[in-house]
Protein chains: 2
Amino acid sequence: MNKHNIHTLASLAGVSAATVSRVLNGNPQVKPHLKEKVLHALEETGFRPDPKAQSLRAGKTRTISVILPMIDTDFYHRLLHSMEPVFDEAGYDMALFPLVGGFRVKKYQDPTSLPYHGDALILASLDPDKLYANHEVPFRKPITLVDTHHQHYHSFSIHNHQAGKLAAQHLLLNREPIVLIGLRQDEAGPFASPVFEERMEGIQQGLQEQGRTLAGTLLVDELGTEGGRQAARLWLEQHPGPCQFLCLADTLALGVKRHLQERHLECRVIGFDDHPFAATESLTSIKQPIEQMGEMAARHVIQQLRGEVYTLQSTVLTPTLKIRQSSRLWTHP
Amino acid sequence: MNKHNIHTLASLAGVSAATVSRVLNGNPQVKPHLKEKVLHALEETGFRPDPKAQSLRAGKTRTISVILPMIDTDFYHRLLHSMEPVFDEAGYDMALFPLVGGFRVKKYQDPTSLPYHGDALILASLDPDKLYANHEVPFRKPITLVDTHHQHYHSFSIHNHQAGKLAAQHLLLNREPIVLIGLRQDEAGPFASPVFEERMEGIQQGLQEQGRTLAGTLLVDELGTEGGRQAARLWLEQHPGPCQFLCLADTLALGVKRHLQERHLECRVIGFDDHPFAATESLTSIKQPIEQMGEMAARHVIQQLRGEVYTLQSTVLTPTLKIRQSSRLWTHP
DNA sequence: CTGAAAGCGCTTACAG
DNA sequence: CTGAAAGCGCTTACAG
């Protein structure tokens, strides 16, 4: 590429750097003949001003960075889609930094890296303490957590403990044994989200209050349909007879349902997230106010940017239970 | 937040800005007692250096920006996942700028905006001529197109024309009328990807070469299963009897298949993309070398950053046909 | 080992 | 209307 800056270009055009800058920024009071010269030099060289210098000067980038674990799940689509219009309306852009495969973790320790060029930072589902070795986000602009919480940061999250409890309480209405299908997680890893752990705690508490316990727990490595299917098969091979599968994600629940359908078995199933397919597949699920959470968080960030936030704010939203056919005993089509 | 810079902090600590900078960057030859003072002031004020200034000075950000239409489809997941390891290995981060809903288009005209802070830019599926009013990307660093092409830019794309032709030729083996299900697109809009148009052209050419024509064309507004289902219903209500549905996306094809299953009808269906569900649903589909495309593009960007690219390069990859049950006439389970 | 100064590439008062 | 200069917030030779 070219190695010009605004000064070399200015001398090339026979004007001052200030004039080049004015032309670049569409300042209307540049005399036509000078403007002409600048435009010509611009054309000639293909010169482009350095955006880093421009926004250093301006003191802002009109962009909000979002660091999130991944982008290929329904949860994050819904979250991002709910934040986007708020940012847009306020004149901000959104930059996404997914931690695909955990590669990035070390890079985001570097305060120079692009996420921190934004005017504000959103950390979704990530625990700052685990993400940052030194226990501090290397960023001096507004920081907001979504789908996690931490005492030092603004946060918007879902009451996962209550979600778990709701699910347990629902199944406790029936006498069949309750089998949990959960996710195997690396607790120490930077990804480790407290979500599943908190749901578990809620489930345990719900059970305890009724003097019940889990008949069994199966952990899968991935939140896919296949995992649910396998887990259900494994369990039922060793423990035939009706039971209730409490799945920590709808994808798992769907896998379980598929297995039951194939084998013409009758068991109850319940999932978490109220994924779009939960409705069409008649899966009982814990519905999370994802859009509401995203929108509130986004509004809060904008308020922070406007200097309208004066106290540390931590908002917890309440999940609800969507009862559908899968937690009744179904009959086959 | 604090309104400090490195100089105010320096005087607060009783040292020079240079020393503060050295401490900030872990320079080992700062005497302990000075380092102490600086660390103390840092602690006191919570000061963080401005990353924009730091990378202005450094001249780089070690980040590659990707502007893409959306992030919630299998196509982009596969594309991004194939680029990521290449960037990571070369020490670069990836920043995602999805054009969710087209909001951003105007913002990306602004050369100051965050995408252009990256060291290189990837434009996925977008036509620079439509995206940028002035027909020029406001960026002086390396630019690479993926899943589109343009004579002025490096590009890695799939031979969509050939993909269309392959699909048509496959169906031409049978005598049943061919019905196309495509996407209604705003041709002028910034999103308008040439992909569908090119597939159409290939299909038309394939048909022409055999002296055949389409029995009908149905356009849907969204690439979802529901659209395919509706389209199939609409067509079959008015034209009962076997036909062949040529769907411009697998999601559409899946919808068609669902409708056929529900009604116990027998028609052939073929889709595009070889979506993961195509295999499990036995859908014949045009398979695109997405991962290969992503990986090649990523490698090329890295080469450009290393100054190892000397000529404009345009790579076109060839799709293949995956024949499965859906383009034979199936029998019901 | 440390500081004053120059400079990264811009923009914007300030004179003229 | 235009230019020289100061400054955005850093870092890094260069002296000392």
Side-chain angles (χ1 to χ4, degrees), chain A residues 1-39 41-42 45-62 110-113 116-117 119 138-141, chain B residues 1-39 41-42 45-62 110-113 116-117 119 138-141:
Chain A
M1 300 279 123
N2 66 77
K3 280 288 119 217
H4 277 287
N5 64 32
I6 205 168
H7 287 107
T8 64
L9 193 97
S11 55
L12 213 148
V15 299
S16 74
T19 299
V20 174
S21 175
R22 292 191 184 102
V23 171
L24 243 22
N25 292 287
N27 186 320
Q29 34 199 18
V30 182
K31 277 275 173 74
H33 73 285
L34 288 188
K35 185 172 176 181
E36 200 61 29
K37 292 207 280 186
V38 173
L39 288 176
L42 244 34
T45 58
F47 169 75
R48 288 276 163 199
D50 182 328
K52 294 192 291 295
Q54 291 180 303
S55 42
L56 169 61
R57 197 62 184 53
K60 56 178 180 260
T61 54
R62 304 248 83 181
D110 173 9
T112 306
S113 69
Y116 311 120
H117 285 226
D119 296 346
F139 190 58
R140 57 158 137 185
K141 308 271 186 57
Chain B
M1 300 283 122
N2 66 77
K3 279 288 119 219
H4 277 288
N5 63 31
I6 205 167
H7 287 107
T8 64
L9 193 96
S11 55
L12 213 148
V15 298
S16 72
T19 299
V20 174
S21 175
R22 291 192 184 102
V23 172
L24 243 21
N25 293 286
N27 186 320
Q29 35 198 18
V30 181
K31 277 275 174 74
H33 73 285
L34 288 187
K35 186 172 175 180
E36 200 60 30
K37 293 207 280 186
V38 173
L39 288 176
L42 246 34
T45 57
F47 170 74
R48 287 277 163 199
D50 183 327
K52 295 192 289 297
Q54 291 180 303
S55 42
L56 169 62
R57 197 62 183 51
K60 54 177 182 261
T61 56
R62 304 248 82 180
D110 173 9
T112 306
S113 69
Y116 311 120
H117 286 226
D119 296 345
F139 189 58
R140 57 158 138 184
K141 307 269 186 60

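To find a chain, count down the sequence lines: A is the first, B the second, and so on, and within it residues start at 1.
- Note on ring orientation: taking the six-membered ring where Trp is involved, the planes of B:His4 and B:Phe47 are perpendicular (angle over 60°, cut-offs 30° and 60°).
- The two residues A:Tyr116 and A:Phe139 make their nearest non-hydrogen contact at O-CE1, 3.2 Å.
- Rounded to the nearest 0.5 Å, atoms OG1 (B:Thr61) and NZ (B:Lys52) are 13.0 Å apart.
- The distance from atom CG of B:Leu56 to atom P of D:dT12 is 12 Å, rounded to the nearest whole Å.
- Expressed to the nearest 0.5 Å, how far CG of A:Asn25 lies from OG1 of B:Thr112 amounts to 7.5 Å.
- Remark: C1' of D:dG9 and CZ of B:Arg57 are 11 Å apart, rounded to the nearest angstrom.
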Q | Derivation of the side-chain contact (heavy atoms from CB on, under 4.5 Å) call for A:Asn5 and A:Thr8 | A | CA-CA 6 Å; A:Asn5 64 32; A:Thr8 64; 3.6 Å; yes
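- Side-chain N/O atoms of A:Ser55 and B:His117 include a donor and acceptor closer than 3.5 Å.
- Summarising the geometry, atom CG belonging to A:Leu12 is positioned 7.0 Å from atom OG1 belonging to A:Thr45; distances are rounded to the nearest 0.5 Å.
- Rounding to whole angstrom units, NZ of residue B:Lys37 and P of C:dC1 are separated by 17 Å.
- Nucleotide C:dG9 holds its C1' atom 8 Å from the CZ atom of A:Phe47, rounded to whole Å.
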Can you check nucleotides 2-5 of chain D for protein contacts, nitrogen or oxygen pairs under 3.5 Å, and list what you find?
unit_1, atom_1, unit_2, atom_2, d
D:dT2, OP2, A:Lys31, N, 2.7
D:dG3, OP2, A:Ser16, N, 3.2
D:dG3, OP2, A:Ser16, OG, 3.2
D:dG3, OP2, A:Thr19, OG1, 2.5
D:dG3, N7, A:Arg22, NH1, 3.3
D:dG3, O6, A:Arg22, NH2, 2.6

Q: Return one dot-bracket line describing DNA chain C 5' to 3' (Watson-Crick or G-U wobble pairs, both distances under 3.5 Å; ( ) same strand, [ ] crossing, | another strand, . none).
A: |||.||||||||.|||
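- Nucleotide C:dG9 holds its P atom 11 Å from the NZ atom of B:Lys141, rounded to whole Å.
- Taking atom CD on A:Gln54 and atom P on D:dG9, their separation rounds to 17 Å, with Å as the unit.
- Side-chain proximity of A:Asn25 to the nucleotides D:dT11, C:dG9, C:dT11 is greatest for C:dT11.
- Distance, B:Leu24 CG to D:dT11 P: 6 Å, rounded to whole Å.
- Between the CD1 atom of B:Ile6 and the P atom of D:dG7 there is a distance of 17 Å, given to the nearest Å.
- In this structure, the separation between CG on A:Leu24 and OG1 on A:Thr19 is 11.5 Å, given to the nearest 0.5 Å.
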Please report, to 0.1 Å, the donor-acceptor pairs under 3.5 Å made by any side chain of residues 26-39 of chain A, with sequence neighbours excluded.
unit_1, atom_1, unit_2, atom_2, d
A:Asn27, OD1, A:Gln29, N, 3.0

